[in-house]
2 protein chains.
Amino acid sequence: MSVYTEQFDVIVIGAGHAGCEAALASARAGCTTLVLTPNLDRIGFMPCNPSIGGPAKGHLVREVDALGGEMGRAIDRTAIQIRMLNTSKGPAVQAPRAQADKMLYPMAMKEALERQPRLTLRQEAVTDIELVTAGGRHRVQAVRTDAGNRYLAGAVVVTAGTFLRGRMIAGEWRAAGGRAGDPAATALSASLSDLGIRLRRLKTGTPPRIDARSIDFSKAEVQTGSDRPLWFSFDGAQGRIERLELPPLPIYPGITDGWRVQMPCYLIHTNPATHDIIAANIDRAPMFNGTIQAVGTRYCPSIEDKIVRFRDKPSHGLFLEPEGWRTTEVYVQGANTSLPQDVQLAFLRTIPALAEATITRYGYAVEYDAIDSSELTRTLAARRVDGLFFAGQVCGTSGYEEAAGQGIVAGLNAACFTQGAEPLVLRRDQSYIGVMIDDLTTQEFVEPYRMLTSRAEHRLLLRCDNAEARLSDIAYRFGLISRERWEAVQAESRIITETLARLAAHHLSMNPRTAEALERAGLPPLARNQTALDYLRRPEVRYEALASVLEALGADSLSVPSRLAERIEVEARYEAYIEKELARVERIRHLEERPIPDGIDYTALAGLRNEAREKLARFRPATLGQASRIAGVTPGDVAVLMVHLERGA
Amino acid sequence: MSVYTEQFDVIVIGAGHAGCEAALASARAGCTTLVLTPNLDRIGFMPCNPSIGGPAKGHLVREVDALGGEMGRAIDRTAIQIRMLNTSKGPAVQAPRAQADKMLYPMAMKEALERQPRLTLRQEAVTDIELVTAGGRHRVQAVRTDAGNRYLAGAVVVTAGTFLRGRMIAGEWRAAGGRAGDPAATALSASLSDLGIRLRRLKTGTPPRIDARSIDFSKAEVQTGSDRPLWFSFDGAQGRIERLELPPLPIYPGITDGWRVQMPCYLIHTNPATHDIIAANIDRAPMFNGTIQAVGTRYCPSIEDKIVRFRDKPSHGLFLEPEGWRTTEVYVQGANTSLPQDVQLAFLRTIPALAEATITRYGYAVEYDAIDSSELTRTLAARRVDGLFFAGQVCGTSGYEEAAGQGIVAGLNAACFTQGAEPLVLRRDQSYIGVMIDDLTTQEFVEPYRMLTSRAEHRLLLRCDNAEARLSDIAYRFGLISRERWEAVQAESRIITETLARLAAHHLSMNPRTAEALERAGLPPLARNQTALDYLRRPEVRYEALASVLEALGADSLSVPSRLAERIEVEARYEAYIEKELARVERIRHLEERPIPDGIDYTALAGLRNEAREKLARFRPATLGQASRIAGVTPGDVAVLMVHLERGA
Ligand SMILES: Cc1cc2nc3c(=O)[nH]c(=O)nc-3n(C[C@H](O)[C@H](O)[C@H](O)COP(=O)(O)OP(=O)(O)OC[C@H]3O[C@@H](n4cnc5c(N)ncnc54)[C@H](O)[C@@H]3O)c2cc1C
Ligand SMILES: Cc1cc2nc3c(=O)[nH]c(=O)nc-3n(C[C@H](O)[C@H](O)[C@H](O)COP(=O)(O)OP(=O)(O)OC[C@H]3O[C@@H](n4cnc5c(N)ncnc54)[C@H](O)[C@@H]3O)c2cc1C
């Protein structure tokens with residue numbers, strides 16, 4: 001039997017949200033890149049909610065986009081609804097969220113991969129990862145596929161999602177599988193075990209889908225999309241993407257047609273009858289009767305979990321979300337469950353809008369293997385095997401956006417590895433992606449990790465509106481964005497700086513002409529003489545209105561693109577906080593970035609507590625900052641370490 | 001463990017091309033209908049060529065459409081190219097053929113199912129069919145699913161395609177599966193065996209898909225779509241469908257934008273080098289080294305089969321067909337193969353346009369169980385089990401269109417069965433569908449059955465252009481089309497009849513005014529005085545031009561919709577042949593429709609040859625016509641049977 005062989009710089013295993021970004025980043029960074037996946041029709045597929053973004057997740061998407069990634073463009077091209085969440089809260093936690101057409105989103109993602117130079121797609125599942133050993137270190141050499149082919153590679157990125165020994169469960173039903181419609185990856189999981197990589201068992205779940213025709217929408221509250229343009233991607237904001245849209249089915253009340261056609265979502269609520277049914281069947285819930293042992297994420301709990309944990313809450317909100325322009329299937333957000341199928345139907349039907357609901361797909365949970373976080377370095381490389389990288393759900397996270405954020409880093413670092421170049425490490429004060437990867441490689445999570453704004457201590461710096469400003473230098477340096485784009489971002493930053501300077505230089509005096517101009521623009525009167533910048537800090541003052549007043553008073557044109565107007569307001573209003581935050585970052589930078597040599601022998605290091613010694617040996621932090629965040633390492637231990645490093649220096 | 005149960009009139013197992021039409025027909029005929037399928041994202045999926053139609057297949061689609069089916073509408077909505085084939089040949093073999101967008105076609109089909117009243121979709125795989133037995137007859141009662149649910153039904157239609165114990169093969173590689181990306185249906189196959197239903201093993205295959213960017217299109221011959229409007233569906237022709245289209249990728253040369261945007265296909269050719277590579281590796285071809293024992297269809301041979309069977313042919317044509325608006329994946333029509341993957345790449349690369357070709361998916365064959373044709377009656381019911389119906393690839397056919405044609409009959413007859421109504425049996429002189437089902441239930445095919453125009457002895461009557469005229473009475477009677485639509489078809493038929501009569505009544509004389517009018521319209525001069533109808537019989541005379549001449553000469557308006565103009569030409573030109581054909585049908589009708597009583601005991605019937613006795617007992621023909629077509633039954637045997645029936649009568 002002859003074996004077909006081919007050589008690539010980088011091989012990406014899997015084409016989910018992590019795999020797609022990993023492959024694009026690797027190819028954009030100049031590597032010949034092969035993507036292997038068992039079904040080319042399911043590239044970038046959304047097995048759960050066909051939705052992207054929201055707080056922290058939307059931030060990740062903006063960062064992926066700033067790094068030249070595809071997720072932002074794909075959702076901008078295929079959204080059926082986009083909204084800004086948390087508009088009543090501070091700028092740090094505001095984030096866009098969109099519903100995607102579940103069929104068009106993967107089509108857009110596949111197209112991006114197909115059109116990427118140096119990137120090859122092939123429909124095969126990987127069964128084995130082959131190593132070579134030299135000087136006591138293992139290094140990846142090739143992968144083998146179910147089709148019997150062997151592909152040589154300088155680096156391999158594993159992004160197998162929920163597929164490693166995946167098992168699906170609902171009530172008494174269980175079946176092997178990575179998700180409904182896809183088989184589990186059993187051989188690959190075994191191959192990783194064979195490499196000595198520690199695996200752990202996690203779980204996630206999905207709600208039932210129901211038939212729109214069986215919903216009484218008059219008993220639900222309509223939520224429409226944003227009435228002003230909103231984009232995840234830089235290209236979208238610049239009017240440089242081609243939208244993939246279809247005419248919406250006329251069966252959904254509340255479709256809007258403004259800056260783009262948008263479909264509505266619908267809010268409904270559980271009630272005591274719902275809770276009673278779930279409580280009465282809790283012994284049939286796999287999460288509670290011992291069938292599911294793996295741990296799910298607390299931040300995306302199943303409905304049975306919510307009922308048990310918050311016994312006193314009489315009602316939970318659920319959202320009904322259409323799955324696309326041309327389908328009657330509706331996703332029930334908030335009702336993720338692995339209860340038996342009869343119970344799923346019964347509890348949904350207690351809700352007035354769903355009294356006649358018909359289920360098209362039942363909810364289920366999936367249990368799968370993920371690698372233990374101590375196996376990862378902060379470049380998303382495997383500790384034990386050179387040239388092996390991981391990203392996405394296999395690293396113990398949950399969520400498309402988390403997967404995409406890791407994908408871009410792992411793919412780029414795989415490319416850097418083969419090129420002998422310095423890897424990319426994103427800092428915590430620079431990006432949510434940096435926070436996530438740092439958390440992943442310093443913390444022991446018993447449940448899947450989900451991004452939250454509260455995890456980012458510098459979140460005022462890590463806003464959606466400034467993602468490009470934060471990351472495009474890096475993106476350009478690593479070849480992930482074009483020179484034109486980088487220059488466009490620079491130009492935008494210049495506009496902001498200059499405009500803020502002009503506002504600071506413009507003095508508004510309490511005279512009748514100014515008062516009249518302000519009044520005419522609907523702006524509040526001056527309380528004292530002040531600069532235009534100080535005046536803009538008042539929350540009721542919008543930049544565009546102010547600019548028109550200043551122009552009326554004789555200033556040169558101050559008009560800027562509307563997304564920059566918002567950024568100017570934020571920078572003006574939060575300047576003091578932002579500066580304080582930057583100063584704090586500066587203060588801890590010394591500690592944060594102080595490198596710890598790779599070979600350090602913690603057993604020989606006097607003064608460390610035993611627990612600290614063990615944890616440090618396990619996670620092998622790359623910096624003092626990382627060491628300080630490891631649970632079980634106290635400030636005292638960090639001090640001991642610091643003294644040791646000073647001595648060594 | 002409690003079992004969730006629900007009751008439906010009809011259950012359809014599978015949502016491929018047969019299942020979709022079966023379910024729609026059943027629901028349209030008034031039955032509550034449940035479709036069970038393991039993956040709702042793969043409804044109406046095209047595992048092989050994303051194309052519909054062509055000779056005989058296009059006829060089937062036109063008939064499915066005339067019977068109220070969905071295939072014609074779905075392809076009209078999602079075609080990326082439509083052409084009329086065989087335009088240089090007679091009207092009987094002309095047929096439309098279209099390329100579909102591989103992702104949008106299933107989306108359109110799913111939408112049709114979702115919007116059909118009384119029809120419920122549910123994502124579950126059937127593992128068992130349950131019977132009740134009464135009076136020595138078995139009858140279906142329920143199905144059980146992998147999810148543990150039990151669904152009661154009055155009738156069940158099995159449309160499991162290539163999934164029954166499906167096994168995929170390419171070279172030395174093999175894997176269980178119904179097709180790439182989908183698991184096999186092993187339990188269901190066993191359940192059918194348990195019911196005593198004889199199964200046989202068949203095979204089919206698919207070619208590799210290649211990356212458009214690796215093709216040198218300058219070395220291929222561009223084939224563009226029809227430059228005049230062309231529709232499969234009545235609704236399309238009436239301007240009553242909503243097209244689902246996306247802007248095409250700009251990478252394909254030859255995109256046209258006329259009555260609709262269309263993508264091109266490309267013709268290339270194999271050469272001796274191609275054939276040498278295949279011949280040199282023929283011992284590694286599963287079809288030739290004994291790995292594949294099942295039989296494939298002769299009319300869609302694998303490339304290795306073509307090379308072996310037609311050794312002297314120096315070249316075979318292949319078509320490169322884009323798989324959709326937004327993908328670089330290209331289907332290689334004519335290169336269906338189960339050769340090893342290295343050989344697939346090597347032989348493709350011998351073709352100049354493919355010298356640098358990259359494969360995205362390898363070709364493979366699939367072996368599967370199909371039911372033995374002697375298990376079927378001509379209503380597509382199982383002989384052994386009441387209320388059980390079959391349609392599509394499971395019946396031993398090959399092709400989407402064949403599947404759809406059976407689907408509509410099986411679904412409708414399942415509905416009739418639960419309603420206690422007379423079933424639908426389509427005659428051979430009425431439709432290709434009738435020919436196909438008659439063939440299927442009277443012939444022993446060792447290979448998958450594919451529709452060909454040569455199988456239809458009355459093909460001049462069974463044209464694409466008159467499908468509605470042939471079938472809409474039936475469609476309307478069974479509730480498959482609306483009264484409006486039926487009336488519209490009637491109105492069209494009336495226009496044709498009246499127009500032909502007016503043409504027959506209009507005498508053209510050889511005078512200067514007429515001569516000048518004909519010349520001005522670019523029509524040939526009269527050779528003698530004749531009716532306009534006779535003049536129209538000349539092949540170079542187009543109806544529209546003639547009508548304009550007659551109007552210029554003072555006739556009332558003769559303008560008709562353009563598709564009717566073509567039908568008028570055909571009816572005029574082929575009137576003599578058509579009438580002869582109708583007379584022949586009339587002559588044999590007596591024999592053809594003579595019923596044979598169900599319980600007839602062939603062993604007791606003196607004068608029959610032994611072989612005939614055995615074959616008649618096996619196929620149990622419903623009519624003398626059917627008996628006459630059974631291989632092994634001679635005209636002498638038919639005479640014996642006829643005498644017996646006369647006596648009995
Ligand atoms: C049932 C279910 C419920 C979920 N619920 C939630 C939720 O509530 N909230 C949430 O945030 N997230 C949820 N998710 C998780 C979400 O799907 C993932 O976070 C996201 O898809 C992760 O992206 P990924 O790229 O890591 O993995 P995936 O998107 O799973 O992609 C994995 C890829 O690897 C491929 N692959 C697998 N094995 C092999 C192999 N051997 N060789 C080659 N390719 C292989 C697969 O085909 C696929 O392309 C859910 C997932 C599932 C399945
Ligand atoms: C690899 C391959 C190559 C082919 N090549 C050709 C070709 O060259 N020429 C040609 O004319 N045709 C070809 N075909 C055949 C073509 O795909 C079929 O003719 C057509 O799809 C038949 O339609 P169907 O509805 O009978 O079956 P399918 O389209 O196969 O649909 C079967 C349906 O049944 C469902 N199903 C299966 N098991 C169960 C279960 N237990 N419970 C519930 N649902 C179930 C499946 O999910 C699917 O929805 C090929 C098919 C394959 C797979």
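In the text below, chain A, chain B and the rest are named by the order of the sequence lines, each starting its count at 1.
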Given heavy-atom pairs under 4.5 angstrom as the criterion, report whether the side chain, backbone, both or neither of B/Gln341 touches chain A.
side chain
Shortest non-hydrogen separation from B/Arg213 to A/Pro117 and the atoms involved
NH1-N, 3.8 Å
To the nearest 0.5 Å, atom CG of A/Leu104 lies from atom CE of B/Met103 at 9.0 Å
Counting heavy-atom pairs under 4.5 Å with chain B, which one of A/Leu345, A/Val343, A/Val35, A/Leu249 comes out on top?
A/Leu249
Toward chain A, the part of B/Leu246 with a non-hydrogen atom under 4.5 Å:
side chain
Indicate yes or no: at least one non-hydrogen side-chain atom of A/Arg361 is less than 4.5 angstrom from one of B/Asp41.
yes
Is chain A contacted by the side chain of B/Glu245, its backbone, both, or neither, given a heavy-atom distance below 4.5 Å?
backbone
Using side-chain hydrogen bond (donor to acceptor under 3.5 Å, both in side chains), reason through A/Thr327 and B/Glu114 one step at a time and then give a plain yes or no.
CA-CA 7 Å; A/Thr327 179; B/Glu114 286 183 336; 2.7 Å; yes
Options A/Thr358, A/Asp146, A/Thr5, A/Asn149, ranked by heavy-atom pairs under 4.5 Å with chain B, top entry
A/Asn149
Determine yes or no for a side-chain-to-main-chain donor-acceptor pair under 3.5 angstrom, with B/Arg326 supplying the side chain and A/Leu244 the backbone.
no
Apply side chain to side chain donor-acceptor pair (under 3.5 Å) to B/Thr127 and list each qualifying residue two or more places apart in sequence or on a separate chain.
none
By a 4.5 Å heavy-atom criterion (distance strictly below it), what part of A/Asn39 contacts chain B: side chain, backbone, both, or neither?
side chain
Side chain, backbone, both or neither: which part of A/Thr360 has an atom under 4.5 Å from a heavy atom of chain B?
both
In terms of side-chain geometry, is the basic nitrogen of A/Asp211 or B/Arg115 positioned less than 4.0 Å from the acidic oxygen of its partner?
no
Tell me, for B/Thr120 versus chain A, whether the close heavy atoms (under 4.5 Å) come from the side chain, the backbone, both or neither.
side chain
With no hydrogens and no angle check, is any side-chain donor or acceptor of B/Arg122 less than 3.5 Å from a backbone partner on A/Ile359?
yes
Do NZ/NE/NH1/NH2 and the carboxylate oxygens of A/Glu329 and B/Lys110 come within less than 4.0 Å?
yes
Counting only heavy atoms closer than 4.5 Å, note whether A/Phe45 contacts chain B via side chain, backbone, both or neither.
side chain
Counting heavy-atom pairs under 4.5 Å with chain B, which one of A/Met168, A/Glu242, A/Gln123, A/Arg243 comes out on top?
A/Gln123
Region of A/Glu111 in contact with chain B, defined by heavy-atom distances below 4.5 Å
both
With rounding to the nearest 0.5 angstrom, report the CH2 to CD distance, A/Trp173 to B/Glu124.
9.0 Å
Cut-off 4.5 Å, heavy atoms of chain B, and the answer for A/Asp101 is side chain
